[in-house]
Amino acid sequence: MKVKQKGWICTAALACMAAGHAAADNIVISGVIDVNVESLATTKEKLTRVSSGGLSQSRLEFSGTEDLGDGNQAFFLHQMQFSADTGVGPTPRESYVGIRGNWGALALGRQNTPSYWIVGYADPGWSGDYSRVSNSVFFYAPWRENNAVSYTTPSVNGFKGRFMATAGNETADHNGRVYSTGVEYRNGPLYLGYVTDRKDIKNISTPKLESSRDNYISAVYRFGGFEPTFIYHTYNGYYAYPPYVGFQTKGWDVQLGARWKIDTTHSVYVSAVSRHDDVGKDLTNGESILLGYSYRFSKRTDAYVNYGRVLTKGSPKVPYPLTFNYSGSGNPERGTQIGLRHSF
């Protein structure tokens, strides 16, 4: 018993020391716990389960800043995603260090691409489990990359530029390298964005180096608490998740959505995507929709209901997913989630 008591005393002392050190260095520990009860229907089965990340992916974050003087500031972020229903994880999200000032911001490490920020702002589903933007628009396109160097310009007359280049897999043939360039414009209730991504990747069947190009246009307009959203996306080239899937394709998709903060407690959101693949060998045309409602108990705690549906035409090699959080048989085509999210 004495050994256990001493252990607890040491642990408490270390925790207090860590808390004091964190406060002194302006370090913040934060995150999200999001769990739901879900009913899924796939091409082969129906099931009810407990799942994670319906409104936001569950994650733990460590971040901090340091004043360097002359208006400059150092900053860092280490973010880990996990499944709150099982505790499995963590898997990496973003992990970077940088410096910023009135000249802009420079960061190095694993980061979201400029397309994630510019297109993600027009996502009514907030990149949640059923997000049609995450699961259909981005699909196999780049949106978070390793070994990245990014620069964000200061805002000038409402315009801001975002740039990123990555070292890919750190090979001489540029395998896995990504180049992303974007510009966004904010003026009162209006938001406009454009971004183009290029990714070089080796063919999983041959030594040939392939490439893909994704272009995005996004728009949001605010009418009080109501915001309609729009995304238009074109894709062309070779897409791969080595060593499993690789294919050449070309096409476009469009997202129409809206989010409505009815008052401080009630919010609704809808997102619909129509995708048109011009090749149709591995992918195909398809439509999908997300309908959601959230109830805010406080600034940190929300309850929510999501309904998602995917209508894939034909029998493609790679069907569009309702959710990536599924490892059973068949492809999830529709689902309903009732969940609770707490931010800390």
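Keep in mind it's a predicted model, so treat the numbers as computed, not measured.
The existence of a salt bridge linking Arg177 and Asp200 is excluded, since no basic side-chain nitrogen approaches an acidic carboxylate oxygen closer than 4.0 Å. Ion pairing between Glu184 and Lys160 fails under the 4.0 Å rule for side-chain N and carboxylate O. Asp197 has no carboxylate O lying under 4.0 Å from a charged side-chain N of Arg213, or vice versa, which leaves the two without a salt bridge. Using a cut-off of 4.0 Å between Lys/Arg side-chain N and Asp/Glu carboxylate O, Lys250 and Asp278 are scored as not salt-bridged. The pair Arg259-Glu227 meets the salt-bridge criterion, since a charged nitrogen lies less than 4.0 angstrom from a carboxylate oxygen.
With Asn26 contributing its side chain and Glu66 its backbone, the two residues share no donor-acceptor pair below 3.5 Å. A donor-acceptor pair under 3.5 Å is absent between the side-chain atoms of Ser83 and the main chain of Thr86, judged by distance alone. The backbone N or O of Asn285 lies less than 3.5 Å from no partner atom in the side chain of Asp277, so there is not a single donor-acceptor pair. Put simply, the side chain of Glu45 never gets that close to the backbone of Ala41: no donor and acceptor are under 3.5 Å apart. No donor-acceptor pair closer than 3.5 Å links the side chain of Thr152 to the backbone N or O of Leu106. In this structure a side-chain-to-backbone donor-acceptor pair under 3.5 Å is missing from Ser267 to Lys261. Using a distance-only test at 3.5 Å, with no hydrogens or angles considered, no donor-acceptor pair links the side chain of Asn306 to the main chain of Gly292. Using modelled atom types, no side-chain atom of Asn187 and backbone atom of Leu190 make a donor-acceptor pair closer than 3.5 Å. Ser271 places no side-chain N or O within 3.5 Å of a backbone atom of Leu290 that could act as its donor or acceptor partner. Looking at Thr336, its side chain never comes within 3.5 Å of a backbone N or O of Ser39 through a donor-acceptor pair.
Note on Tyr116 and Val178: separate hydrophobic clusters, where clusters join Ile, Leu, Val, Met, Phe, Trp and Tyr whose side-chain heavy atoms are under 4.5 Å apart, directly or indirectly.
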Quiz item: Can you list the steps and then say if Glu210 with Asn203 is a side-chain hydrogen bond (donor to acceptor under 3.5 Å, both in side chains)?
Solution: CA-CA 6 Å; Glu210 309 273 8; Asn203 192 299; 3.1 Å; yes

Practice problem: Given side-chain hydrogen bond (donor to acceptor under 3.5 Å, both in side chains), test Ser115 with Ser180 step by step and report yes or no. | Solution: CA-CA 7 Å; Ser115 53; Ser180 182; 4.6 Å; no

Quiz item: Passes side-chain hydrogen bond (donor to acceptor under 3.5 Å, both in side chains), Arg59 versus Gln81? Steps please.
Solution: CA-CA 4 Å; Arg59 56 187 178 268; Gln81 182 174 314; over 6 Å; no

Self-check item: Worked verdict on Thr323 versus Tyr130 for side chain to side chain contact (heavy atoms under 4.5 Å, CB included)
Solution: CA-CA 6 Å; Thr323 170; Tyr130 287 0; 4.2 Å; yes

Exercise. Carefully, step by step, assess Glu94 and Arg110 under the rule side chain to side chain contact (heavy atoms under 4.5 Å, CB included).
Key: CA-CA 5 Å; Glu94 291 190 279; Arg110 177 174 169 82; 5.5 Å; no

Practice problem: Please step through side chain to side chain contact (heavy atoms under 4.5 Å, CB included) for the pair Leu340 and Asp302, ending with a clear verdict. | Solution: CA-CA 6 Å; Leu340 191 64; Asp302 306 88; over 6 Å; no

Practice problem: Evaluate the criterion side chain to side chain contact (heavy atoms under 4.5 Å, CB included) for residue pair Arg162 and Ile118; output intermediate values, then yes/no. | Solution: CA-CA 9 Å; Arg162 294 181 181 271; Ile118 291 173; 4.3 Å; yes

Quiz item: Step by step, would you call Phe223 with Tyr221 a ring pair (Phe, Tyr, Trp, His ring centres under 6.0 Å)?
Solution: CA-CA 7 Å; Phe223 300 93; Tyr221 196 87; 4.8 Å; yes

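Within 6.0 Å of OH on Tyr244 lie no more than 12 heavy atoms contributed by other residues, nucleotides or ligands. Counting non-hydrogen atoms of other residues, nucleotides and ligands closer than 6.0 Å to CD1 of Ile338 gives a total of 12 or fewer. Heavy atoms from other residues, nucleotides or ligands lying under 6.0 Å from CH2 of Trp260 number 12 at most. For Asp263, the CG atom is densely surrounded, since the number of other residues' heavy atoms within 6.0 Å is greater than 12.
The two atoms that bring Ala84 and Ser58 nearest to each other are CB-OG, 3.4 Å, heavy atoms only. Nearest heavy atoms, Ala122 versus Ala219: CB-O, 4.3 Å. The minimum heavy-atom distance linking Leu40 with Pro332 is given by the pair CD2-CB, 4.2 Å. Contact detail for Pro207 and Lys202: the closest heavy-atom pair is O-CG, 3.9 Å. Minimum interatomic distance between Ser136 and Val273 (heavy atoms only, all atoms of both residues): CB-CG1, 4.0 Å. Closest heavy-atom contact between Gln57 and Gly128: NE2-C, 3.9 Å.
Checked against the 6.0 Å centroid threshold, Phe297 and Tyr295 count as a close aromatic pair. Taking the ring centroids of Tyr293 and Tyr304, they lie at or beyond the 6.0 Å cut-off.
Considering Leu283, Asp214, Val245 as possible partners of Tyr239, the one that fulfils the side-chain contact (heavy atoms from CB on, under 4.5 Å) test is Asp214. For the side-chain contact (heavy atoms from CB on, under 4.5 Å) test with Arg132, the passing option among Val137, Val310, Ile289, Asp123 is Val310; the others fail. Each of Tyr216, Trp117, Phe138 was scored for a ring pair (Phe, Tyr, Trp, His ring centres under 6.0 Å) with Trp143, with one residue passing: Phe138.
Annotation: ring-ring contact (aromatic ring centres under 6.0 Å, His included) contacts involving residues 306-341, sequence neighbours excluded, comprise Phe139-Tyr320. Annotation: ring-ring contact (aromatic ring centres under 6.0 Å, His included) contacts involving residues 54-78, sequence neighbours excluded, are absent. Under the ring-ring contact (aromatic ring centres under 6.0 Å, His included) criterion, the residue pairs touching residues 170-215 are Tyr121-Tyr191, Phe159-Tyr185, with sequence neighbours excluded.
The closest side-chain heavy-atom distance from Leu291 to Tyr269 is not below 4.5 Å. For the pair Asn325 and Arg49, the minimum side-chain heavy-atom distance is below 4.5 Å. Looking at heavy atoms from C-beta onward, Lys199 lies in side-chain contact with Glu145 at the 4.5 angstrom threshold. Between Met80 and Phe82, the closest side-chain pair of non-hydrogen atoms is not below 4.5 Å.
There is a side-chain donor-acceptor pair under 3.5 Å between Asn215 and Thr196.
Taking the ring axis of Tyr235 as reference, the NZ or CZ atom of Arg275 stays within 45° of it and closer than 6.0 Å to the ring centre.
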